[in-house]
Amino acid sequence: MKDPGIFITLEGPDGSGKSTQALLLIRFLKKSGYKVLHTREPGGDRIAESIRRLLLSPHNKITPETELFLYWASRSQHVQQVINPALARGMIVVCERFNDATLAYQGYGRGVDLKLIKKMNQLASGGLIPDLTFLLDISPERGLKKVLEAKGVKDRFELEKLSFHKRVRRGYLDLAEQEPQRIKKISGSGTIEHIHQQIRCITNKKLGQ
Ligand SMILES: Nc1ncnc2c1ncn2[C@@H]1O[C@H](COP(=O)(O)OP(=O)(O)O)[C@@H](O)[C@H]1O
Ligand SMILES: [Mg+2]
């Protein structure tokens with residue numbers, strides 16, 4: 001039987017550099033000879049991508065509960081259809097956002113009970129836990145500025161008040177303190193290359209290189 005793959009997630013507020021760093025990490029891993037899958041939440045397969053559009057459209061008025069159920073629906077689909085099959089083939093899966101994002105945004109950000117979120121996260125992900133998570137930490141002011149510069153428009157989450165984004169950041173930092181073995185906090189305010197080097201170094205250690 002093949003070795004099971006490795007599941008790496010990238011977390012952090014909007015504009016913290018997740019997509020940028022995912023691409024660099026994947027390029028590095030591919031060059032090192034690994035088979036890699038790049039994916040993101042919410043989304044990842046056809047049904048989950050439809051849910052992503054529902055969730056992010058600024059035109060949709062979504063209740064907090066609907067929002068949560070849509071995330072979990074999307075995650076279940078994503079894990080079973082995309083992530084688990086890739087891990088079973090021995091691939092390294094690099095995913096932007098996962099269970100920690102639900103805790104940070106809907107738990108710390110919107111005030112939904114954290115214990116309940118943890119339970120439902122477990123159900124939706126079938127108990128899958130990332131082997132390694134990079135938390136790109138950046139102030140919300142800086143992150144949102146970068147998003148606006150890059151895209152020119154904000155999605156439904158980016159339109160939230162600054163106080164919401166501050167709670168999300170605090171939440172992510174709490175999670176990193178609770179699970180320092182898995183969640184590696186990296187300052188998102190360094191240069192792209194410097195952040196990449198740190199991610200590379202920690203990933204190499206995990207891969208036993
Ligand atoms: N370390 C960095 N320093 C300066 N700009 C960055 C850095 N990392 C990313 N960016 C830029 O900030 C914007 C948001 O980055 P992105 O990777 O899309 O963040 P996310 O996926 O977390 O929302 C992009 O325009 C990107 O080029
Ligand atoms: Mg992104």
Would you give the length of the straight line joining atom [atom1] of [X] to atom [atom2] of [Y], rounded to the nearest 0.5 angstrom?
X: T191; Y: Q197; atom1: OG1; atom2: CD; result: 9.0 Å
X: H78; Y: I83; atom1: NE2; atom2: CD1; result: 4.0 Å
X: K61; Y: H59; atom1: NZ; atom2: NE2; result: 14.5 Å
X: E11; Y: N99; atom1: CD; atom2: CG; result: 8.5 Å
X: I195; Y: S16; atom1: CD1; atom2: OG; result: 9.0 Å
X: I117; Y: D100; atom1: CD1; atom2: CG; result: 11.5 Å

So does [Y] get a backbone contact from the side chain of [X], meaning a donor-acceptor N/O pair under 3.5 Å?
X: T203; Y: I199; result: yes
X: S32; Y: Y34; result: no
X: R167; Y: G109; result: yes
X: K184; Y: T133; result: no
X: D131; Y: I8; result: no
X: D137; Y: G188; result: no
X: S125; Y: N121; result: yes
X: S76; Y: W72; result: no
X: E49; Y: G44; result: yes

Common cluster, [X]/[Y], ILVMFWY with side-chain heavy-atom separation under 4.5 Å:
X: I138; Y: I186; result: no
X: L132; Y: L10; result: yes
X: I92; Y: I129; result: no

Using every non-hydrogen atom in the two residues, find where [X] and [Y] come nearest and quote the distance to one decimal.
X: G43; Y: S74; answer: N-OG, 3.6 Å
X: Y172; Y: R97; answer: OH-NH1, 3.0 Å
X: L128; Y: V79; answer: CD2-CG1, 4.2 Å
X: E141; Y: L162; answer: OE2-CD2, 3.8 Å
X: G12; Y: L135; answer: CA-CD1, 3.9 Å

Is any side-chain heavy atom of [Y] closer than 4.5 Å to one of [X]?
X: Y108; Y: V168; result: no
X: P13; Y: H165; result: no
X: V94; Y: V36; result: yes
X: E67; Y: R110; result: yes
X: Q106; Y: Y71; result: yes

Could you walk me through whether D45 and Q81 pass the side chain to side chain donor-acceptor pair (under 3.5 Å) check? CA-CA 7 Å; D45 89 325; Q81 298 293 322; 5.7 Å; no

Testing the 3.5 Å rule here: is there a donor-acceptor pair between the side chains of R75 and T102? yes

Test side-chain contact (heavy atoms from CB on, under 4.5 Å) on F69 and M120 and set out the steps. CA-CA 9 Å; F69 289 126; M120 288 297 285; 4.2 Å; yes

Donor-acceptor pairs are to be reported for all side-chain atoms of residues 19-27 against protein atoms at under 3.5 Å, with residues two or more places apart or in another chain.
{"from": "S19", "atom 1": "OG", "to": "E96", "atom 2": "OE1", "distance (Å)": "2.7"}
{"from": "Q21", "atom 1": "OE1", "to": "H196", "atom 2": "N", "distance (Å)": "3.4"}
{"from": "Q21", "atom 1": "NE2", "to": "I192", "atom 2": "O", "distance (Å)": "3.1"}

Test R182 against E179 for salt bridge (Lys or Arg N to Asp or Glu O under 4.0 Å), laying out the working first. CA-CA 6 Å; R182 172 175 70 87; E179 284 187 74; 3.0 Å; yes

Ion pair check, R52 and E41, cut-off under 4.0 Å: no

Kindly write out the residues that satisfy ring pair (Phe, Tyr, Trp, His ring centres under 6.0 Å) with F98, not counting sequence neighbours, or none if the list is empty. F7

